[in-house]
Every structure is written in C-alpha cells, then in structure tokens.
Amino acid sequence: MSVPVPHTAMVLAAGLGTRMRPLTDDCPKPLIAVRGRKLIDRVIGPLAQAGVRRIVVNVHYLAEQIEDYLRGLSGFEVIISDERGEVLETGGGLAKARPLLGEDPVFVLNTDAFWSPELADPLLALADAFDPAQEDERLLLADTGRALGFDGPGDFFMEPDGRLKRRGEAASAPWAYAGVRIMKPRIYDARPVERFSAVKVWDELIPQGRARGLALDSFWLHVGDPQALKDAEMWVACHGG
C-alpha cells in the first residue's frame, strides 16, 4: 500500500560542514554551488517537481545566510527549525522539528548529495514503495558502484523486499544511504531534543523490518569535501545538469 506524495519535507541544513573546509569557513555547506547551482537547490528542485509545497529547514551554522536564501525561495511555504546554540545532529534535529512536521509521512533530505538527472522520480518511487502498515521509514539507497564522491565502505545489505541489514563487521556493503527518506513523523514523538544520530532510530527499526530500503535508479553524487566538489563539477560539466 503506497501513500500519497508527501506535501511536507524536512531539509537538513544545520551541519557544520567541517569536511568541506576551508570552503565552509564563511559559507554554509548547503549554499556551496556545483557548477553555479547551490547544493540546496539541487535538493529542492526535485521536491518542487514532486509536488511538495511545504519545507521545514533546520539551521545552526551560519544560519542567517540560509535564512536569507530561503526568503528568496518561491513556490514553497518555508518553516525554520532554529537550532542556534545547539548541535543536535540528524536525530536530534528531527526531534526538535517534530511539532512542525504534522502527522502524515514526510520526506527528509540531506543537502550534501544529489542525483542526476535531477528529476522527481526517486521521490515518487519512495512514496509508491512506502507501506505505512508495514514500515515506519523507507530509505533511498545508492549503489556504491554507480556513485561519485562516496569513499566509504557502504552502509547496508538489502533484500529484494527492501529489508535491510547494517554492514556491521563486513569489510564492505553494496548500498549507501543516499540522504533521502520517507518517514512517519510520529516515530520521533518520544525522542529527547538532544544530540543523537538518526542511525540510532534505524538500529531500532531495522531488526523489526520497520525501516526498509529502495534502490536509487539514478547516478548519485555525494559532495562531502573539496575534492568531491571538484569531481562533481567535472561530472556535471560532462553530463549536463
């Protein structure tokens, strides 16, 4: 049983961008451009195509710059989840924003990766695959062999039905979290507003089969450091976008 395409998305824009220094010394990472187009724009574009019209954006590092950018954004109702003065990470940020997210499923997106071409298809596929009777989250996963800028050993093993297993002690795993998911906001109802990673929640849900995966059927670009940015710019120059 699929769900309607969410009308709300949470865009995670509060990170410190430490791996991207010195470029992030005076510019927040979501506003760094790849071939003249900001990373956050490359995330928001597919949301607009998918029909999302309401975005909750958390801010912390160089928050004023992100707020200035968002004031010029058209086509969305924008709500700020202000994390100034506290570093909450991905889990704590969602716990703080929980009252802003409503009760229906929402998309959650990082701002340090994008897919090409930048179409709504992966978001629509997530909504179509998500079965709220059987699961609480569905994670978009990138094939590490069809990606650029990802230098890790991989995050997950995935069964044909989307059931996941963390890499654990294995030397490598074929799937990396692509920075996008659909989830029920209520799974953060009882979470404390403190610093913790969303991985903590996944580690509870995955053994129950309540967090599953979906393969990204597009090329994935992870922009985590200055070299990855250069590589992404070269790739986009060659392939368009």
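Atoms considered below: every heavy atom in the structure, side chains included; atoms not considered: hydrogens, waters and symmetry mates. If you read the sequence from its start, that first residue is 1, and numbering goes on from there.
Not a single donor-acceptor pair under 3.5 Å links the side chain of Arg163 to the backbone N or O of Gly213.
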Step-by-step side-chain contact (heavy atoms from CB on, under 4.5 Å) determination, Leu214 to Phe130: CA-CA 9 Å; Leu214 179 72; Phe130 185 60; over 6 Å; no

Check the pair Glu118, Arg42 against salt bridge (Lys or Arg N to Asp or Glu O under 4.0 Å), reporting the backbone distance first and the verdict last. CA-CA 7 Å; Glu118 291 166 35; Arg42 293 181 179 274; 2.4 Å; yes

Working note: Glu67 + Arg84, criterion salt bridge (Lys or Arg N to Asp or Glu O under 4.0 Å); need CA distance, chi angles, decisive distance, verdict. CA-CA 12 Å; Glu67 288 176 328; Arg84 288 174 176 86; 2.6 Å; yes

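For residues 4-28, the set of pairs meeting the ring pair (Phe, Tyr, Trp, His ring centres under 6.0 Å) definition, not counting sequence neighbours, is empty. Sorted by first and then second residue, the side-chain hydrogen bond (donor to acceptor under 3.5 Å, both in side chains) pairs involving residues 200-211 (not counting sequence neighbours) are Asp136-Arg210, Glu137-Trp202, Arg166-Asp203, Arg191-Glu204. The stretch residues 212-224 participates, sequence neighbours left out, in these side-chain hydrogen bond (donor to acceptor under 3.5 Å, both in side chains) pairs: Arg146-Asp217.
Every ring-ring contact (aromatic ring centres under 6.0 Å, His included) that Phe219 has, sequence neighbours left out, goes to Trp235. Partners of Arg167 by salt bridge (charged side-chain N to carboxylate O under 4.0 Å, His left out), not counting sequence neighbours: none found. Under the rule for a side chain to side chain contact (heavy atoms under 4.5 Å, CB included), the partners of Asp231 that lie at least two apart in sequence or sit in another chain are Leu148, Gln227. For Lys96, the salt bridge (charged side-chain N to carboxylate O under 4.0 Å, His left out) partners are Glu86, not counting sequence neighbours. In this structure, Glu83 has no salt bridge (charged side-chain N to carboxylate O under 4.0 Å, His left out) partners at least two apart in sequence or on a different chain.
Between Ile40 and Val11 the shortest side-chain heavy-atom distance falls below 4.5 Å. Residues Pro6 and Thr8 are not in side-chain contact: their nearest non-hydrogen atoms beyond the backbone lie 4.5 Å or more apart. Taking 4.5 Å as the limit, some side-chain heavy atom of Leu100 sits within range of a side-chain heavy atom of Ser81.
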Expected list for residues 102-112: side-chain donor-acceptor pairs under 3.5 angstrom, two or more places apart:
unit_1	atom_1	unit_2	atom_2	d
Glu103	OE1	Arg98	NH2	3.0
Glu103	OE2	Arg98	NH2	3.0
Thr111	OG1	Leu12	O	3.0

Could you pull out all donor-acceptor pairs under 3.5 Å where a side-chain atom in residues 21-29 meets a protein atom, sequence neighbours excluded?
unit_1	atom_1	unit_2	atom_2	d
Thr24	OG1	Gly17	O	2.7
Thr24	OG1	Arg21	N	3.4
Lys29	NZ	Val223	O	3.4

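Looking at Ile182, Val5, Val52, Leu47 one by one, the single match for side chain to side chain contact (heavy atoms under 4.5 Å, CB included) with Leu123 turns out to be Leu47.
Under the 4.5 angstrom side-chain criterion for Ile, Leu, Val, Met, Phe, Trp and Tyr, the cluster partners of Leu62 are Leu16, Tyr61. Val193 belongs to a hydrophobic cluster whose remaining members, ordered by chain and number, are Leu88; membership requires side-chain heavy atoms of ILVMFWY residues under 4.5 Å apart, directly or through intermediates.
Distance CG/Leu94 to CG/Asn58: 7.5 Å, rounded to 0.5 Å.
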